[in-house]
Amino acid sequence: MRELLVITGPTASGKSRLAMDIAKEVPLEIISADSMQVYRHMDIGTDKPSMEDRKKVRHHLLDLKNPDEQWSVEEFQRFSEAAIDEIRARGNVPAIVGGTGFYIRALLKGFPLVDAPPNLKFRREMQDMATRSGNEAVHDLLRDRDPWSWEHLHPNDLKRVIRALEYYDAVGHPISLRREAKSSRRYEYLMLGLQWERQELYRRIDGRAEEQVRRGLIEEVRGLLQMGYSKELASMNGLCYKESCMFLEGLLTLDETKELIERNTRRYAKRQMTWFAREEGIIWIRAGNDRHWEDTLDEALQMVKARCL
RNA sequence: GGAGAGGUACCCAAGUGGCCAAAGGGGACAGACUGUAAAUCUGCUGGCAGACGCCUUCGCUGGUUCAAAUCCAGCCCUCUCCA
């Protein structure tokens, strides 16, 4: 059985490069598992694959949405499942490439699709209640409806508390039951993770902001703002964008902006590593300055050829 | 040279005799995560110990006191203003 190829790892670990290199020997099509690269006009800050790469290898789930359009895990799940079928029908190997662990988990372990979309009015109400009566008051609403969540969610984790409530409101049973539920679709997969020594990865991240600024990050963000996309949007709160908005508002100097971007990127990488550390099924492939990229690539290639072809 | 202000833990910064291993913020570190996840949230941060607790810290050296980051003396350093 041909397995699905998944390439993941923290930001700046070389996922795209690995995928592109593998594609030289294996008929790959890439499905981006990146929550930010779905947005159009956000290229430099998201480090989106170049048009050149996209010409060489077919990419999916890039530039699907405008920055103010709705997008979420569930949609990622649907779109990527469809893309997988499509790619296989063409006789190619689907490669999920990206660092958004939540998306990858949703696809692989498959959260069951449930009809509980965001309910904005409900969220508003809960939000108001929180500001009026405190986060604990909202959190306490979970007690009877979803004891597991009540116990495991911190009252200050308002987003999740509200979502748990919202879910219950829509479906009538606790969202926490979903963790036991089986997905409708399951995949056999080969999940490769690029592993770097922490300090080395951080060094790669440092200086990256400098590079992005040189490539026009600030202009990109200014353009987004001019198109009418506000800094309040989720998309505009992504790495690089949030900081660039602050710069454009005069809150930061350019140097401070670059520093902030790098720091936040390191933190992001750390969060990803924490996530992946408890994710099961990842085969880690070591990369680093003490190892030739060719060796890293070969190690990956061997497994891909053995299991995905 | 003269007049002031100040030196507190990785950084900034409270604290002016006991309730101080020392508020608060930042950073670092760790963790969580099931419909916006590059987001959001939590914990922790002198050393040793499982714990009672013990030990070493508030520029340095002495002193006063039952007791000092806090009071006194000298010294070192920093900053501002006047020369």
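Every heavy atom of this structure was used, including side-chain atoms; hydrogens, water molecules and symmetry mates were not. Only a predicted model underlies this, so the values are computations on that prediction, with no experimental measurement involved. Letters A, B, ... mirror the listed sequences (proteins, then strands); counts begin at 1.
Atom P of A21(B) sits at a distance of 49 Å from the matching atom of A83(B), rounded to the whole Å. A distance of about 9 Å separates the P atoms of A22(B) and G46(B), rounded to the whole Å. A distance of about 8 Å separates the C1' atoms of C44(B) and C29(B), rounded to the whole Å. Nucleotides G31(B) and G35(B) have their C1' atoms positioned 24 Å apart, rounded to a whole Å. Using atom C1' as the reference point in both G50(B) and A5(B), the two lie 48 Å apart (nearest Å). Separation of the P atoms belonging to C48(B) and A37(B) is 41 Å when rounded to the nearest angstrom. Nucleotides A14(B) and G7(B), compared at atom P, are 8 Å apart to the nearest Å. Nucleotides C19(B) and C82(B), compared at atom P, are 44 Å apart to the nearest Å.
Between E249(A) and K231(A) a salt bridge is recorded (basic side-chain N to carboxylate O distance below 4.0 Å). Remark: E69(A) engages R40(A) in a salt bridge, criterion side-chain N to carboxylate O under 4.0 Å.
Across all strands shown, R271(A) has heavy atoms under 4.0 Å from base atoms, whether or not it also approaches the sugar-phosphate. Residue N264(A) is out of contact with every strand shown, counting any heavy-atom pair closer than 4.0 Å. Across all strands shown, R198(A) has heavy atoms under 4.0 Å from sugar-phosphate atoms exclusively, and none from any base. If you check every strand for non-hydrogen atoms under 4.0 Å, T46(A) touches a base. Within 4.0 Å of T100(A), counting heavy atoms only, lie sugar-phosphate atoms of the nucleic acid but no base atom. Within the nucleic acid shown, Y103(A) comes within 4.0 Å of sugar-phosphate atoms alone, with no base atom in reach, counting heavy atoms only. Residue contacts shown for G45(A) include a base, since a base heavy atom lies under 4.0 Å away.
Both tests hold for R17(A) against W293(A): distance to the six-membered ring centre under 6.0 Å, angle to the ring axis within 45°.
With a 3.5 Å ceiling on both atom-pair distances, the Watson-Crick or G-U wobble partner of A73(B) is U61(B). Searching all strands for a Watson-Crick or G-U wobble partner of A5(B) with both distances below 3.5 Å returns U78(B). Pairing of A14(B), defined by two Watson-Crick or G-U wobble distances under 3.5 Å, is not identified with any nucleotide. With a cut-off of 3.5 Å on both pairing distances, A83(B) has no Watson-Crick or G-U wobble partner at all. Using the Watson-Crick or G-U wobble rule with both distances under 3.5 Å, A30(B) pairs with U42(B).
Protein chain A contacts RNA chain B from G27(B) to U42(B), reading 5' to 3' and using non-hydrogen atoms of the protein with a distance under 4.0 Å.
Projected onto RNA chain B by closest heavy-atom contact, R278(A) and G238(A) fall at different nucleotides, the more 5' of which corresponds to R278(A). Nearer to the 5' terminus of RNA chain B, by closest-nucleotide assignment, is the contact made by R263(A) (compared with the other of R263(A) and L158(A)).
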TODO: Start with the C-alpha gap between S230(A) and M236(A), add the side-chain angles, then the distance that decides, and say whether side chain to side chain contact (heavy atoms under 4.5 Å, CB included) holds.
DONE: CA-CA 7 Å; S230(A) 98; M236(A) 291 294 268; over 6 Å; no
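For the atom pair CG (D47(A)) and CG (L239(A)), the distance works out to 11.5 Å, reported to the nearest 0.5 Å. How far CD1 of I31(A) is from OH of Y103(A): 14.5 Å, rounded to the nearest 0.5 Å.
Summarising the geometry of V38(A) relative to S35(A), their closest heavy-atom pair is CG2-O, 3.5 Å, with the distance given to 0.1 Å.
Annotation: salt bridge (charged side-chain N to carboxylate O under 4.0 Å, His left out) contacts involving residues 268-281 of chain A, sequence neighbours excluded, comprise R105(A)-E279(A), K109(A)-E279(A).
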